[in-house]
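Structure record follows, encoded as structure tokens.
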There are 2 protein chains.
Amino acid sequence: MPVNDALARLVARAQPRFRTTAEFVEATLREAILTGAIAPGTPLRQEDLAETFGVSRMPVREALRQLEARALAEFHPHRGAVVAEISATDAADIGAIRMALEPMALRLSLPGLTTDDLAQAEELIAEMDGETDPGRMGELNRRFHMTLYGRAGRPRLLALAEQHLLAADRYLRFQFAALGYQPRSQDEHRALLDACRAGDGATAERLVAEHVGEAAEQLAAFLKDRVAG
Amino acid sequence: MPVNDALARLVARAQPRFRTTAEFVEATLREAILTGAIAPGTPLRQEDLAETFGVSRMPVREALRQLEARALAEFHPHRGAVVAEISATDAADIGAIRMALEPMALRLSLPGLTTDDLAQAEELIAEMDGETDPGRMGELNRRFHMTLYGRAGRPRLLALAEQHLLAADRYLRFQFAALGYQPRSQDEHRALLDACRAGDGATAERLVAEHVGEAAEQLAAFLKDRVAG
DNA sequence: TGCCAGGATATTGTATCCAATCTAACACTG
DNA sequence: CAGTGTTAGATTGGATACAATATCCTGGCA
């Protein structure tokens, strides 16, 4: 029973902080890795991180373990953790996982999609049209996809799908470098949205699979000679 | 450059020990949770676990964080961690994820399957025939599926598939309680193996999706009135 | 009854200490 | 000079003690 609701909202917004220090460190590092702010292969030295975050080593170690479980960091015993490397294999892996999860998410979500959802998806496509910043583009693309999947009513499936959409963002700058990606992708987005509007589940599923698959193939071809693996 | 390959294999087999105490604790707890040795909702008190394992609280906390990242434990700040609850929703979630991942894994693996793989799969089916112990049954079933997916050449996809096969094991005792499951499941296993032998990818994919989907539906119906969510 | 103040209990985080071990550089040896 | 000890330094892995904080419970009080 707060004094009033407006205040309650203010308070709620003022503390979207984290529940524990370890979670704060984990979330911050995760974002830094996914956006590329910390390059693959970078050593994650506990002492340095602790100092950077102004915390002790224990929450840092907890955070690193969580990152390891999410395949964002690799542990080498007595040598420390490093930011997980990117590779053509890894990109193909993420592409295959997305190709599996996202059509399923869309299938379950489609019957529940509201006109509001569809309008929001359309707006996100429009926003993407002019966007040139990879980071912002990744976020918009992710929100577009997750908007379409959001009514699946399968929290775990959705979390997994989002996690791999985020993982794909690590390869976004390569995706941009592979010319001609964006326009085609936008066409595919529109076709996908149309199928969803029409309630055509089979087509929508096929389109999202193709959309993800094409991007993955293009990326794999581009990475082949540029990175290891 | 190992001296020779036989030695390399021996070395690889000789050190599947754990690299650190934290990893030992994590692996042991994970197994205990997945097999049901620790019931859902059980508090995971750091001090108790530390004493049980004969270690300090630090590796225990790292292990708990990893379990959290794998959705096997839930953290309630300042109240501690508990073994993740099971629920009809969660079971449906896992079923949907398996239905998405496993046909994809099979699709990628099928062209690479050897006659040895197929023979091993057949052997596993035979072993399952007489099995009545749920834990052993889960392991055989998991090995059967993973044998078929093993040539996908997508480590991350396979790890994810295996993780959710393991997660499904938490519901195995319910699966057994739902009568008539096993014989039908075995028929499906044989049909799936036949399709793989014939190299009929489309049929194999469909069969594995149906196989997983049917089991999930049956389980959901059974759980509906028996557990929360 | 309702509530709220305060204590018991557990977790969370900090600060130190020490052992294990990996790396790298150097010296030694045949 | 290639290959093999050896040593020193740095970093992680783990233990321990302690402080801070949040939750739950309970008992007094209106």
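Chain A is the first sequence line, chain B the second, and so forth, proteins listed ahead of strands; every chain is numbered from 1. All values below were derived from every heavy atom in this structure, side-chain atoms included, with hydrogens, water molecules and symmetry-related copies excluded.
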Look at B:E26 together with A:R65 and state whether they make a salt bridge at an N to O cut-off of under 4.0 Å. no
Selected nucleotide, minimal atom distance to A:Q46 side chain, candidates C:dT11, D:dG13, C:dG13: D:dG13
Below 4.0 angstrom from OP1 or OP2 of D:dG13, is there any side-chain N or O of B:T21? no
Charged N to carboxylate O below 4.0 Å: is that the case for A:E68 and B:R19? yes
What nucleic acid atoms does A:F24 come within less than 4.0 Å of, heavy atoms only: base, sugar-phosphate, or nothing? nothing
Going by an N to O cut-off under 4.0 Å, is there a salt bridge joining B:R136 and B:E139? yes
Rounded to whole Å, please give me the gap between CZ in A:R79 and P in C:dT23. 5 Å
Measure from CD on B:E74 to P on C:dT11 and round the result to the nearest Å. 16 Å
For the pair made of CZ in B:F75 and C1' in C:dA10, what is the distance, rounded to whole Å? 13 Å
Quick one: label B:A81 by what it contacts on the DNA or RNA (base, sugar-phosphate, nothing), any heavy atom closer than 4.0 Å. nothing
What integer distance in Å separates B:M58:CE from C:dT11:C1'? 15 Å
When we call it a touch if two heavy atoms are under 4.0 Å apart, what does B:R57 touch: a base, just sugar-phosphate, or nothing? base
Spacing between A:E62 atom CD and C:dT11 atom C1', to the nearest angstrom: 11 Å
Classify A:R61 by what it touches in the nucleic acid, base, sugar-phosphate, or nothing, heavy-atom distance under 4.0 Å. base
Just the rounded figure in Å: distance from P of D:dA10 to CG of A:L44. 21 Å
Round to a whole Å and report the spacing from CZ of B:R19 to C1' of D:dT12. 13 Å
Between C:dG13 atom C1' and B:R65 atom CZ, what is the distance in whole Å? 11 Å
Okay, side chain of A:T21, backbone of A:P59: is any donor-acceptor separation there less than 3.5 Å? no
Got a second to check how far B:R98's CZ is from B:L160's CG, nearest 0.5 Å? 12.5 Å
